Amino acid sequence: MNQNRQLPRTPADELGRVLVVDDDPHICALIVECLKREGYGATSVSSARAMDRTIDSEPIDLIILDIMMPGEDGLVACARVAEYGGPPVILLSALGTEDDRVAGLVAGAGHYLSKPCSPRELLATVQAALRSQDRGGKLARQTYAFDGWRLDAATRELLNPEGVRIDLTDGEFAVLRIFVERPRRVLARDSLLEAARGRNCESFDRAIDTQVSRLRRKLGATGDTIIRTIRNEGYFFVPSVTGAS
Amino acid sequence: VRDWRPSRWPLFSQFFAILLATVMAVQLLNTALLLFMPTPTAEVHSLKRIATALRNGTDSGELYRLRYWTRLPPGPLTQHDLDLANRFARLLGVPATRVRVRTEGRFAPEIGKAFERATPSDPPDTVFGPLILAVLLPDGRWHSIQPITGWWQPWRLQVMAWLVATLVAISLPAWLLTRRLMLPIRSFSRAADRLGRNPEAEPLSLTGPVELEVAAAAFNAMQTQIKRYVADRTTMIAAIAHDLRTPLMRMSMLLDHIPAQNRAALEAPINEMDARLTAVMSLVQNMTCPASRQRVDLRSIAQSVADDAEDTGGVATLIDGPTVIMKGDPAALKAMIFNLVENANRYAGEAIIELLEQEKFVVVEVRDNGPGLEPDELEQVFQPFYRGEGSRSSETGGIGLGLASVKAICRAHGGDAQLVIRQTGGLVARVTLARPIAE
């Protein structure tokens, strides 16, 4: 790991400084190398405790954190970093189930990657994580409420006014999230599409109109009154939204 | 320090005490019956009247029944009976050997004797107690006479009423006591039921009869064991995932170092292996881990699966209907419907999904018009790693865990899954999911 620490520190030339935390030295080396090739500053450590030391001594913009490590668990470490407002975290996990993903996002990770992932995916996620940080939007756990409905952005859980969970596809969730973030505003189709894509939502491949009509169906009979079509302009999310905790 | 309150006694002792108390109470009441009931009055018969009735063949007041016998049943002949026979024979003017008398009952003759002793010189015409009198006719038959006594005599009715009153008086306290005895058992079964539904629930802390405390302790031990078993499996899944996916991750990260023309050749097996690992892990997960419980709209899940299938080039139609609200694990239910829809698409190129609500079950049907299956395969396909003849190639994809997973998820939701051949050809996968009554 030492050779990684002896990097020339020229933050001005770097796109961002990334700390890789994984107990497997090969994976650390490969990720660091991949990131450096793309112009990021990168360094790696093999445990959560070493991660703490590095954060204290170096400016870190982003952490790529493995979940299953000897010593402190990646999830616990992630929750701790999120608690004190440390750098954004991408969790890297070998489990990759839905529950696992939700647990990661609840722990405060901005992004979640399951092993194995290609360098392409890794770089795209790093890029997205750094960009969301640039926007100043800390990806804290956020719950939105409208007309009795509740949407948990981290767990993607949508509850209807009776408290029954309504399942959403990735595309529907992406669209709904943009609506609740920008309610009572006319949103053009293009900007909706752009915003949804910016979320790094891979399966977002259907025309926006289809997603909106599906979303209305999921919202039930009141769907049309919640999302109004503005002819030739786009869509308008009618209810006022509160960001409940 | 031992707790001596009756509610903490062993069930055995409590039950025994109730039994003893009830029997004792009944005995006391019956003793009261013996002490306070008036003595039954004895029947009084007139010998003259009996003789007249026997001679005429009928009784004026129809108080006596007359019958003929070819043979008299043998009976005890007491001195009293013989005396009575003699007196009766004199009255009728026939030899005493042709008259038989049998008195019944125990105390009435005694009263009669006492009465007779009081007036020894002139034996009275009256005789006490039930009796049968018979005279041998010249043709060899016996002509008998006996009083017609109704069963419903006042003293009998009184005794019956008393017994019924005793039963009513005893049954209320007995009912209350037994109910009290059963209370801890009922709360035990409720607690056990709660624990069965949610293994993470607090362990049972029952105080009560010794037997129940022992049962609760055994139940808690079993609970701990199940939890440990689940935890072991979860650890195992995590270990497999970690140990196999770490090298895959390394290989995947090395893709960039490989000439572009070879990259796809390496990327495909990495993805394939990852997909198989996912399938095995989710099967183990579904088979061993209790499903989480959340109120979900199954229709929204089926709709998501159908839409996603359409978006990825499949054909899936969800038949319209109202929302279907049940308790279940949203991720597992979604994976289950996804597996069925994917299978139908893979083998038949289409899937029709229908949700049916029944009183205690929610039924999910996924139909297709494909080639179907041989009847003997309908069960086998649910076996893990089973693949139909000729489909053991990566062409059709999968490693034969989809339906095994479906079955495991159904079982975790208190239901079952089966495949049925449609009359029109093709298959219908029918899944039933238990629908617990709202708690």
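Quick caveat: nothing in here was measured; it's all calculated off a predicted structure. Per chain, numbering begins at 1; letters A, B, ... match sequence-line order.
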- Item | Residue B/Ile301 versus chain A: region with a heavy atom under 4.5 Å | both
- Task: Any chance you could measure B/Met249, atom CE, to A/Leu92, atom CG, to the nearest 0.5 Å?
- Result: 4.5 Å
- Query: Taking side chain as C-beta onward, heavy atoms only, is A/Glu33 less than 4.5 Å from B/His257?
  - Reply: yes
- Query: Side chain, backbone, both or neither: which part of A/Leu158 has an atom under 4.5 Å from a heavy atom of chain B?
  - Reply: neither
- Donor-acceptor under 3.5 Å (B/Ser300 side chain, A/Asp167 main chain): yes
- Task: Answer yes when A/Arg37 and B/Asp256 have at least one side-chain N-carboxylate O distance shorter than 4.0 Å, and no when they do not.
- Result: yes
- Is the count of non-hydrogen atoms from other residues, nucleotides or ligands lying under 6.0 Å from A/Arg49 atom CZ greater than 12? no
- Contact check, side chains of A/Leu168 and B/Ser304, non-hydrogen atoms, under 4.5 Å: no
- For the pair B/Glu267 and A/Arg120, find out whether any cationic side-chain nitrogen is under 4.0 Å from an anionic carboxylate oxygen. yes
- Between B/Asp307 and A/Glu172, is any pair of side-chain heavy atoms under 4.5 Å apart? yes
- Closest non-hydrogen atoms of B/Arg245 and A/Leu95, given as atom of the first, atom of the second and distance, are NH1-O, 3.1 Å
- Kindly indicate, with the supporting measurements, whether the criterion side-chain hydrogen bond (donor to acceptor under 3.5 Å, both in side chains) is fulfilled by B/Ser252 and A/Lys115. CA-CA 9 Å; B/Ser252 190; A/Lys115 289 180 181 178; over 6 Å; no
- Message: Would you say OH of A/Tyr235 has more than 12 non-hydrogen atoms from neighbouring residues, nucleotides or ligands within 6.0 angstrom?
- Response: yes
- Atom pair CD1/OG of B/Ile270 and A/Ser118 - distance to nearest 0.5 Å: 9.5 Å
- Salt bridge between A/Asp24 and B/Arg250, side-chain N to carboxylate O under 4.0 Å? yes
- Query: Can you check whether B/Gln303's main-chain N or O pairs, donor with acceptor, with A/Arg217's side chain at less than 3.5 Å?
  - Reply: no
- Looking at A/Ile27, A/Asn160, A/Val102, A/Ile31, which one has more heavy-atom pairs under 4.5 Å with chain B than the rest? A/Ile27
- Are any of the side-chain heavy atoms of B/His242 and A/Asp23 separated by less than 4.5 Å? yes
- In Å and rounded to the nearest 0.5 Å, what is the OG1 to CD distance from A/Thr210 to B/Glu310? 11.0 Å
- So which of A/Pro119, A/Gly220, A/Ser114, A/Ser93 has the largest heavy-atom pair count under 4.5 angstrom toward chain B? A/Pro119
- Note on the structure: So CG of B/Leu255 and SG of A/Cys34: to nearest 0.5 Å the spacing works out to 10.5 Å
- Task: Quick one: closest heavy-atom pair of B/Val296 and A/Val164, and the distance?
- Result: C-CG1, 3.5 Å
- Message: At a 4.5 Å cut-off on heavy atoms, which part of B/Met281 comes close to chain A: side chain, backbone, both, or neither?
- Response: side chain
- Message: Looking at B/Asp297 and A/Arg165, is any side-chain nitrogen of the basic one under 4.0 Å from a carboxylate oxygen of the acidic one?
- Response: no
- Quick one: are B/Met253 and A/His26 in side-chain contact, heavy atoms under 4.5 Å? no
- Note on the structure: d(B/Leu248 CG, A/Cys117 SG) to nearest 0.5 Å is 11.5 Å
- Message: Between A/Met68 and B/Asp243, is the side chain to side chain contact (heavy atoms under 4.5 Å, CB included) condition met? List the steps.
- Response: CA-CA 10 Å; A/Met68 274 188 276; B/Asp243 290 0; over 6 Å; no
